[in-house]
Amino acid sequence: MSISGSAAIAGVFGWPIAHSLSPRLHGHWLSVHAIDGAYVPFAVRPRALPAALRALPILGLRGVNLTIPHKVAASSHMAALTPAARRIGAVNTVTVDTDGGLIGDNTDAYGFIASLQDGGWSPSPSPAVVLGAGGAARAVCTALWQAGVGPIRLSNRTNERAVALAAHFSDIAAREGSPSPAIEVVPWHHRDAALADAMLLVNATSLGMVGNPALTIDIAKLPDDATVTDIVYTPLTTDLLQAASARGLRTVDGLGMLLHQARPGFRAWFAVDPEVTPALRAAVLNDA
Ligand code: NAP
């Protein structure tokens, strides 16, 4: 790949950054669209984040993605936040506007819904069960709220975190003047029972990920036309997705969310709307 003196440059800030799949992902799209541009991984220590963000317009970068541990800390350094970034309380995509101001967006909710839709699911005002109350669960609940799915039955090992997450959404809705999402907190030991009449089950915990304990859940109560999705993507087919497939349920793996969440940033920085294709999945998986 060669770039000219007027190449468009974007990248990703993280600490550590070596594991990031984003350079491979954006690199694939840059190459497919023969764009005069580059997407660069930057190892940015937490204390250096404010200076690194200030440097974006100075260096002429179009913007960056943010990954662990910068997503929450970055919010206070943005000139403006999108509604999704405000609702989720974290920024994963920064765009430098024409005045050099930083616009903070969060595309995880978009990526989550787009991936589900790619898998044949469509939103309806019916019950959904979300497991987890960390950063990923925030994005998932935001996405379901925006898509009009509900009630959301939220269950987390540490119940107080689920209660706090539900309260966060009520506060945001009150501040926005919009109706609160219907979130019902379900004790972790009642998660099997919560599946009765749920049309969607989302694992937004880190359970089932390589190196972590398995997720224990009995999906017998899910209706036959329910969809099951796992946002864990290592392994691609988790035990949960295997059990759901064995029951003949629709399943959607976690890689699609990772790929789709990258699209709005690429579009903003490189002025091309890229597609999530089997070739992209293969390119990213080769590096996983
Ligand atoms: P996080 O903020 O650290 O939250 C972890 C969640 O997992 C919490 O709800 C935690 O419950 C739960 N958990 C961890 N160990 C548990 C255990 N032994 N038993 C029961 N629950 C347990 O992490 P995150 O950022 O939300 O990420 C969660 C997962 O999503 C990770 O695997 C991450 O790689 C994946 N992810 C995927 C995408 C994608 O694009 N596909 C995007 C973001 C994240 P407690 O509150 O009780 O600790």
Side-chain angles (χ1 to χ4, degrees), residues 12 14 16 19-22 24-26 65-74 84-85 88-93 105-119 129-144 152-168 183 185-192 194 201-217 228-241 251-266 276 280-281 284-285 287-288:
V12 53
H19 68 284
S20 174
L21 297 177
S22 294
R24 166 71 58 130
L25 202 174
H26 287 273
N65 286 127
L66 300 174
T67 186
I68 292 169
H70 300 314
K71 290 184 182 190
V72 173
I88 298 172
V91 169
N92 76 345
T93 303
D105 191 11
N106 193 310
T107 62
D108 278 339
Y110 163 82
F112 174 72
I113 290 290
S115 172
L116 273 177
Q117 288 177 323
D118 234 12
V129 173
V130 176
L131 306 177
R138 267 177 185 244
V140 165
C141 289
T142 300
L144 296 177
I152 299 169
R153 299 175 185 154
L154 184 63
S155 189
N156 189 52
R157 173 182 62 174
T158 310
N159 198 60
E160 307 85 76
R161 286 189 82 194
V163 171
L165 190 50
H168 161 81
I183 300 186
V185 174
V186 175
W188 186 240
H189 58 279
H190 287 163
R191 60 193 182 282
D192 293 352
L201 167 62
V202 185
N203 176 35
T205 73
S206 45
L207 291 172
M209 187 176 156
V210 171
N212 285 13
L215 168 66
T216 48
I217 189 160
V228 177
T229 186
D230 201 326
I231 69 160
V232 167
Y233 55 84
T234 48
L236 204 52
T237 306
T238 59
D239 290 352
L240 172 65
L241 295 183
T251 61
V252 179
D253 69 44
L255 185 62
M257 175 178 173
L258 179 80
L259 304 181
H260 279 283
Q261 64 74 32
R263 291 177 60 197
F266 191 91
V276 171
L280 176 69
R281 281 178 75 93
V284 171
L285 282 173
D287 207 38

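The first residue of the sequence shown is numbered 1, and numbering continues consecutively from there. Both ligands and their constituent atoms are indexed starting at 1 by order of listing.
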I need the nearest protein heavy-atom contact for atom 20 (C) of ligand 1: residue, atom name and distance, please. L207 CD1, 3.3 Å
Please check: side-chain N/O of T93 versus main-chain N/O of D105, any donor-acceptor pairing under 3.5 Å? no
Any N/O of G135 closer than 3.5 Å to an N/O of ligand 1? yes
Answer yes or no: is there a donor N or O on one side and an acceptor on the other, between the side chain of N156 and the main chain of A133, under 3.5 Å? yes
Regarding atom 29 (C) of ligand 1: of the candidates N156, N92, T205, T107, which has the closest heavy atom? T205
Which protein heavy atom lies closest to atom 27 (O) of ligand 1, and at what distance to 0.1 Å? A136 CB, 3.8 Å
Minimum-distance pair of heavy atoms, taken over all atoms of L241 and T251: O-CG2, 3.7 Å
One finds that the ligand 1 atoms under 4.0 Å from a non-hydrogen atom of L258 are 40 (O)
Between R161 and ligand 1, is there a nitrogen or oxygen pair with a distance under 3.5 Å? yes
Heavy-atom neighbours of L236 CG exceed 12 at 6.0 Å: yes
Parallel under 30°, tilted from 30 to 60°, perpendicular over 60°: which one fits the rings of H26 and F266? parallel
List ligand 1 atoms under 4.0 Å from V232, heavy atoms only on the residue side. 32 (O)
Before signing off on this row, confirm whether G254 and ligand 1 have an N or O atom pair separated by under 3.5 Å. yes
Residue pair T238 / D230, side-chain donor-acceptor N/O under 3.5 Å: yes
Close N or O approach (S206, ligand 1; < 3.5 Å): yes
Candidates Q261, H260, R263 - the one meeting side chain to side chain donor-acceptor pair (under 3.5 Å) with Y110: R263
Could you tell me whether the side chains of R191 and T216 share a donor-acceptor contact shorter than 3.5 Å? yes
Short list, please: which atoms of ligand 1 are under 4.0 Å from a heavy atom of A133? 9 (O)
Taking only non-hydrogen atoms of T158 and a 4.0 Å limit, the atoms of ligand 1 in range are 45 (P), 46 (O), 47 (O)
Under 4.0 Å from atom 33 (C) of ligand 1, is there any protein heavy atom? no
To the nearest 0.1 Å, how far is atom 4 (O) of ligand 1 from its closest protein heavy atom, and which atom is that? G134 CA, 3.6 Å
If we count only N and O atoms by modelled type, under 3.5 Å, do the side chains of N92 and T107 hold a donor and an acceptor together? yes
Of the listed options (H260, M257, R138, R157), which comes nearest to atom 22 (C) of ligand 1 when hydrogens are ignored and any heavy atom counts? R157
Contact summary for T205 and V232, nearest pair of heavy atoms: O-CG2, 3.5 Å
How close do A204 and V140 get, counting heavy atoms only, and between which atoms? CB-CG2, 4.3 Å
Within the structure, does P213 bring an N/O atom to less than 3.5 angstrom of an N/O atom in ligand 1? no
Counting each atom of ligand 1 from 1 as listed, which ones have a heavy atom of G132 under 4.0 Å away? 9 (O)
Could you check atom 30 (O) of ligand 1 against the protein and tell me its nearest heavy-atom contact, residue, atom and distance included? I231 CD1, 3.2 Å
